[in-house]
Amino acid sequence: MQSLTIRRPDDWHLHLRDGAMLEGVIGDTSSTFARAIIMPNLVPPVVTTADATAYRERIMKALPAGHRFQPLMTLYLTEHTSADDVEEGKKSGLITAVKLYPAGATTNSHGGVRDMEKAMPVLERMAKIGLPLCVHGEVTTPDVDIFDREAVFIETVLDPLRRRLPELKITMEHVTTADGIDYIKSAKANLAGSITTHHLIINRNAILVGGIRPHYYCLPVAKRENHRLALRAAATSGDARFFLGTDSAPHVDPLKECACGCAGIYTSINTMSCLAHVFEQDGALDRLEAFASLNGPAWYGLEPNEERITLERQDAPVVFPARIETGAGPVTVFDPMFALHWQIKA
Ligand SMILES: NC(=O)N[C@@H](CC(=O)O)C(=O)O
Ligand SMILES: [Zn+2]
Ligand SMILES: [Zn+2]
């Protein structure tokens, strides 16, 4: 049997939600990943250090017995965020990053930033104290086609911000385009990108061909095949600027299978099996550890995990449940549309 031992991975972009959903999903992450950057887009969002402290406590309480897991907390940037509060959060060790959601760009982002000018004092402070900004990189202006939102964001928001504040460390999260990959590669410093599991596997056909398939709908929406190939090349290259952020984003099935379905794909449970498949296909299994376990911590100034996991390849397909049951309702699991053969050794 073929096997691969790597340092225990981390997830640099994760939605754990709250309440019954949090309880239903956290074990799928904490059984595999040592740490995860926890997205703050709850209802209401995690805006202050006090909010993040309370949310962290709820996460730790929901953690299954015996699991070791460290949630890395983020704050949801608003036009009213206090720079002092952000600095306090970083100093106390609680806050790993601040998250920029352009208002209206994605799930629970209506309280996000409309006018970047209003966020400048906080961003300047973050640059000064070395606190990274995570961005959902899409513009929301109605005249921009949804498939172009990332490219236009780079040109009209991200690049001007980086010119104005070159010392600010920015993570372009869930990169979905060749434009994003090229832009990150062109930067001399202070820019990196996370890539999701599903964007390495699906292109936009998965959502639209043969019927509309809500469980492949996420934001940023999957793009054309040439973009997927660019993401794959970047992820499997070993380039330290690219690392895993699953963006696993659970929504209960009734909220996805309806006339106006939510964006988000649930991959926490089968991400490592999917990634091993992708890296094997591209002849890059030796670089899976860089993508999933080394590049992320290096970017965030943390040590890689000491623990190891072993992935084993078996001839018989590894079967994951089609959906998980949570106290909030059923959540469909990402189906990569090919058989998986790798699994984490218990
Ligand atoms: N990725 C998604 O499609 N959805 C995320 C929000 C986000 O990361 O943009 C969610 O919170 O559901
Ligand atoms: Zn996002
Ligand atoms: Zn997300």
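Small disclaimer: the values here were computed from a predicted structure and weren't measured.
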Q: First locate atom CG of D84, then atom NZ of K91, and finally report the distance between them rounded to the nearest 0.5 Å.
A: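 Here the rounded value is 8.5 Å.
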
Q: Is it the case that T171 and W12 place a side-chain donor and acceptor less than 3.5 Å from each other?
A: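 Judged by distance alone, the side chains do not pair up.
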
Q: To the nearest 0.5 angstrom, please state how far the OG atom of S268 sits from the CG atom of L16.
A: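 Between atom OG of S268 and atom CG of L16 there are 7.0 Å.
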
Q: So with a 6.0 Å cut-off around CG of D315, is the heavy-atom count from everything else above 12?
A: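 Incorrect, the count does not exceed 12.
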
Q: Would you say that L275 contacts L200 through its side chain, given a criterion of any heavy-atom pair below 4.5 Å between the two side chains?
A: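 Result yes, sub-4.5 Å side-chain heavy-atom pair found.
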
Q: So, does R308 use its side chain to make a donor-acceptor pair with the main chain of T5 at under 3.5 Å?
A: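 The answer is no, because no donor-acceptor pair under 3.5 Å joins these two groups.
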
Q: Just by distance, no angles: are the side chains of Q314 and H341 close enough, under 3.5 Å, to form a donor-acceptor pair?
A: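 On atom types as modelled, these side chains do not qualify, holding no pair under 3.5 Å.
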
Q: Decide whether T271 and T246 meet the rule of one side-chain donor and one side-chain acceptor closer than 3.5 Å.
A: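 No pair is found: no donor N or O on one side chain lies under 3.5 Å from an acceptor on the other.
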
Q: Tell me whether N295 contacts the main-chain N or O of R241 through its side chain, where contact means a donor paired with an acceptor under 3.5 Å.
A: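 A pair under 3.5 Å: no.
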
Q: Please determine whether the number of non-hydrogen atoms from other residues, nucleotides or ligands lying under 6.0 Å from atom CD of E303 exceeds 12.
A: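 No - once you tally the heavy atoms of other residues, nucleotides and ligands closer than 6.0 Å, there are 12 at most.
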
Q: Between T177 and K223, does any side-chain donor sit less than 3.5 Å from a side-chain acceptor?
A: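 No, no side-chain donor-acceptor contact under 3.5 Å.
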
Q: Side chains of T48 and D51 only: does a donor on one sit below 3.5 Å from an acceptor on the other?
A: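 Looking only at side-chain atoms, D51 and T48 do form a donor-acceptor pair, the distance falling under 3.5 Å.
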
Q: Between L14 and F33, is there a side-chain heavy-atom distance shorter than 4.5 Å?
A: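 No, too far: nothing below the 4.5 Å cut-off.
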
Q: About how many Å separate CD of E88 and OG of S82, when rounded to the nearest 0.5 Å?
A: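 The distance works out to 9.0 Å.
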
Q: Are S3 and E312 linked by a side-chain donor-acceptor pair shorter than 3.5 Å?
A: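 Distance-only check fails for S3 and E312.
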
Q: Do the side chain of T106 and the main chain of L219 share a donor and acceptor less than 3.5 angstrom apart?
A: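 Not a single qualifying donor-acceptor pair exists.
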
Q: Strictly by modelled atom types, are R313 and Q343 linked by a side-chain donor-acceptor pair under 3.5 Å?
A: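 No, no side-chain donor-acceptor contact under 3.5 Å.
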
Q: Whether K99 engages the ring of Y101 as a cation-pi pair (distance to the six-membered ring centre under 6.0 angstrom, angle to the ring normal within 45°) should be assessed.
A: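 Judged by the rule, K99 and Y101 form a cation-pi pair.
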
Q: Is a side-chain donor or acceptor of S109 paired with a backbone partner of G112 at a separation under 3.5 angstrom?
A: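 Side chain of S109 to backbone of G112: no pair is present.
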
Q: Nearest heavy-atom pair of T197 and C274: which atoms, and what distance?
A: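 For T197 and C274, the tightest heavy-atom pair comes out as CG2-CB, 3.6 Å.
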
Q: Side-chain donor-acceptor contacts of residues 203-210 below 3.5 Å, not counting sequence neighbours, with atom names and distances?
A:
from: N203; atom 1: OD1; to: N205; atom 2: N; distance (Å): 2.9
from: N203; atom 1: ND2; to: E225; atom 2: OE1; distance (Å): 2.8

Q: Report the distance from atom CE of M39 to atom CG of D247, rounding to the nearest 0.5 Å.
A: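 M39 CE to D247 CG: 7.5 Å, rounded to 0.5 Å.
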
Q: Has R17 got a side-chain atom pairing as donor or acceptor with P250's backbone, closer than 3.5 angstrom?
A: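 Yes, because the side chain of R17 sits within donor-acceptor range (under 3.5 Å) of the backbone of P250.
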
Q: I'd like to know if the side chain of D10 reaches the main chain of R35, judged simply by a donor and an acceptor atom lying under 3.5 Å from each other, with no hydrogens or angles considered.
A: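 Here the side-chain-to-backbone pair exists.
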
Q: Any chance CD of E257 has more than 12 other-residue heavy atoms, nucleotides or ligands included, within less than 6.0 Å?
A: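 Buried by this count: over 12 neighbours within 6.0 Å.
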
Q: Taking atom types as modelled and ignoring hydrogens, do the side chains of T81 and Y76 form a donor-acceptor contact shorter than 3.5 angstrom?
A: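 Absent: no donor and acceptor within the cut-off.
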
Q: State, yes or no, whether a side-chain contact exists between H251 and T107 at a heavy-atom distance under 4.5 Å.
A: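 Yes, at least one pair of side-chain atoms sits under 4.5 Å.
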
Q: Keeping the roles fixed (side chain from S293, backbone from R7), state whether a donor-acceptor pair exists under 3.5 Å.
A: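 Yes, because the side chain of S293 sits within donor-acceptor range (under 3.5 Å) of the backbone of R7.
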
Q: Does CZ belonging to R224 count more than 12 external heavy atoms closer than 6.0 Å?
A: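 No - once you tally the heavy atoms of other residues, nucleotides and ligands closer than 6.0 Å, there are 12 at most.
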
Q: Please list, one pair per line, the donor and acceptor atoms closer than 3.5 Å that link side chains of residues 128-139 to other protein atoms, with sequence neighbours excluded.
A:
from: H136; atom 1: ND1; to: H174; atom 2: NE2; distance (Å): 3.1
from: H136; atom 1: NE2; to: E138; atom 2: OE1; distance (Å): 2.8

Q: Side chains of Y183 and L191, heavy atoms from C-beta outward: is any pair under 4.5 Å?
A: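 Yes, their side chains come closer than 4.5 Å.
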
Q: Would you compute the distance between atom CG of L123 and atom CD of E117 and round it to the nearest 0.5 angstrom?
A: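 Taking CG in L123 and CD in E117, the distance rounds to 10.0 Å.
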
Q: To the nearest 0.5 Å, how far apart are CD1 in I202 and OH in Y217?
A: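 Separation between the atoms: 12.0 Å.
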
Q: Output all residues satisfying ring-ring contact (aromatic ring centres under 6.0 Å, His included) with F291, sequence neighbours left out; order by chain, then residue number.
A: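 F291 satisfies ring-ring contact (aromatic ring centres under 6.0 Å, His included) with F279 once adjacent residues are dropped.
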
